[in-house]
Asks: 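Below are the structure tokens for one structure; questions will follow.
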Amino acid sequence: MPEVVLTMDRTLASNYHGGMFMGFSACVPKGIIPDWLYFTVFCPSVDYDKETGEVEEAPLGVRRIEAQLRREGYDVIVAHPDAVERAVDEDTIAVGVSEIDPQGMGPATTTFTSFSGKPAYMKICFEELMRRIRRLKREYDFGVFMGGPGVWQVEDRFPEFGVDFLIKGEGEYVVGDVVRRIEDGDRGPEVVKGRPVDPEDIPTLVNPTINGIVEVARGCGRGCKFCSPDMRELRSFPLSKILKDVETIVRSGKSKVLLHAEDVLRYKADGVRPNVDAVIELFSTVAEHPGVEDVSVSHVALSTVCLFDERMGELSDIIGVGTRVPWVGVQVGVETGSPRLMAEHMPGKVAPFKVEEWPDVVEQAFGILNDHGWVPCGTLILGLPGETEDDVMKTAELLDRLRDYKSFIVPLFFVPIGDSRLSDHEFFTADKLTEAHWEVILRCVDHDLKWLPTLYGEYARAVGHSPLIKLVIRLLAWYGRRKLLKSALKHCPNEELVYSILGSG
Ligand code: SF4
């Protein structure tokens, strides 16, 4: 049996059909749709070995820790959360749990659960997993450590969940020591602080990641006040290292690679100005790697898109937009239409442009992306500290300007992420929504309802969805719209506005 077993809650053991839009369903509250439907259609499980519990694919962060511990001589597996029992026994030294949003306190989850008052699946799944791990811990006396971007949510009470060591920040330099301390009988409880890892020290993946995700850089450096301090410094990985991870994905029989960074277009950038040639070399080298058939991208920054401008077309040609794929989806941060709030909380996001130019930067970037077959999925933040009615109306105006760009826009509530510079502010919740906020939310709904049928139609044609799947999707869309209408009518003070956007159902 392995010495170290890594796992994650069930909502993280899914590829969400590889879709950027479906990933948001991780944040859906329980009770909106039947559990069986959620776990089969929205959040299908990754495959795993029914005897050993070992998963075929795992989240990137878990795979990095697996690689690091193997490098330090440990026998490690990543077990499916439903099969942890099959992976542990008296040989187990430690169980490590990786979490993104263990209490459902992240921005998307807070927003979706705020209306229903019900907990998110990720909280339920995390707590259920930890109950089972505590029972196994009593039986086999192993130690438990936990890491991942969501640890701030349990920092004050991690021993309650049976966790001995909580690793904050990047884990590669500290996780080996934690396991050695557990092996020596140390059970904490202790918060262990990781530190930024030099790209040269990051271990090569030994097993495939979910959706073939491959990291090309860590950190950001734009310094938004609400963001995690782990994002302080941008570190791009050497191309040779990235290719080794790509090789791991391909060797496992997968042909899709998802390039991940907070802003993939700033790969090897010096400051905020992109190194366009380095990015093009990155894309073409990965796309030409034997066995790679499909390259996609996780996030880009809108200001970088404006600097890239027409050369986005070169990336589209490499990816095969319009030939191999109908479009390429990418997540972007719109956040607000208010230059005043940009200046207050995130001037670095606009750089090198001026904060007053932000709405123009957003619209121009949406245009450039669309011109080259990219579909932005933008997030907005409602309830930023110091926000006024005028700021919110500026966001509503920006949404009007974006209406004709093929895109998807998701409004999220402000969350004071632990250790961020805004961590002492309050969560924004549904009961604080003003009429202006509702205007923004409903305009987002209107925007998404306008574009989703087109986007889904093109996607379904490209991947060859059967008429039955198309029918199921249409039924789900109809059902989702009715639920939205009901919820909006319950909470929004302006019924007329709701009916004008969502119709009468
Ligand atoms: S641009 Fe994004 S990743 Fe960078 S600091 Fe701002 S919110 Fe964080």
Side-chain angles (χ1 to χ4, degrees), residues 20 23 60-61 100-101 105-111 148-150 152 168-170 196-197 213 215-237 258-274 279 297-308 330-355 357-359 361-362 365-366 369 376-387 395 409-423 425 428:
M20 131 184 115
L60 175 69
I100 292 177
D101 197 4
M105 293 160 72
T109 324
T110 306
T111 310
W152 63 274
K168 278 178 77 175
E170 296 177 33
V197 183
I213 188 165
E215 220 175 357
V216 302
R218 271 193 199 172
C220 168
R222 287 192 185 268
C224 302
K225 281 189 189 168
F226 51 82
C227 192
S228 158
D230 295 343
M231 294 298 161
R232 256 170 224 151
E233 191 198 334
L234 172 67
R235 287 154 287 151
S236 297
F237 295 6
L258 172 63
L259 302 176
H260 169 69
E262 300 311 320
D263 179 4
V264 173
L265 299 181
R266 259 194 321 133
Y267 175 66
K268 287 200 177 161
D270 183 15
V272 292
R273 299 230 168 242
V279 178
V297 177
S298 67
H299 303 78
V300 299
L302 295 168
S303 38
T304 322
V305 171
C306 290
L307 296 169
F308 236 84
V330 68
Q331 289 194 38
V332 301
V334 176
E335 323 306 12
T336 176
S338 160
R340 196 190 71 81
L341 282 180
M342 291 306 289
E344 174 66 28
H345 297 302
M346 49 197 137
K349 203 182 261 282
V350 198
F353 303 98
K354 297 192 186 97
V355 281
E357 295 174 298
W358 180 242
V361 168
V362 174
F366 270 54
L369 289 168
C377 174
T379 47
L380 295 174
I381 307 176
L382 301 181
L384 275 162
E387 179 190 71
T395 301
I409 301 179
V410 185
L412 301 176
F413 292 172
F414 165 73
V415 162
I417 291 175
D419 287 351
S420 75
R421 283 184 285 156
L422 299 180
S423 61
H425 287 267
F428 189 75

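The shown structure was predicted, so the numbers you read here are calculated from the model rather than taken from an experiment. Counting starts at 1 for both ligands and their atoms, in listed order. Atoms considered below: every heavy atom in the structure, side chains included; atoms not considered: hydrogens, waters and symmetry mates.
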Asks: What are the two closest heavy atoms between Gly337 and Pro359, and how far apart are they?
Replies: O-CG, 3.6 Å
Asks: Look at the N, O or S atoms of Cys227, main chain and side chain alike, and state whether any lies under 2.8 Å from atom 8 (Fe) of ligand 1.
Replies: yes
Asks: In terms of atom number and element, which parts of ligand 1 are under 4.0 angstrom from non-hydrogen atoms of Phe226?
Replies: 7 (S)
Asks: Closest approach of Cys306 and Phe353, non-hydrogen atoms and distance?
Replies: CB-CZ, 3.7 Å
Asks: Looking at ligand 1, does Gly223 have a heavy atom less than 4.0 Å from it?
Replies: yes
Asks: With heavy-atom distances below 4.0 Å as the criterion, list the atoms of ligand 1 near Cys220.
Replies: 1 (S), 3 (S), 4 (Fe), 5 (S)
Asks: Passes side chain to side chain donor-acceptor pair (under 3.5 Å), Ser303 versus Arg266? Steps please.
Replies: CA-CA 11 Å; Ser303 38; Arg266 259 194 321 133; over 6 Å; no
Asks: Restricting to non-hydrogen atoms, name the atom on Leu234 and the atom on Cys220 that form the minimum distance, rounded to 0.1 Å.
Replies: CB-O, 3.5 Å
Asks: Looking only at non-hydrogen atoms, find the nearest pair between Leu302 and Gly333 and report the distance.
Replies: CD1-O, 3.6 Å
Asks: When you measure from atom 5 (S) of ligand 1 to every protein heavy atom, which one gives the shortest distance, and what is it?
Replies: Cys224 N, 3.4 Å
Asks: Would you mind finding which of His299, Lys349, Met346, Lys225 brings a heavy atom closest to atom 2 (Fe) of ligand 1?
Replies: Lys349
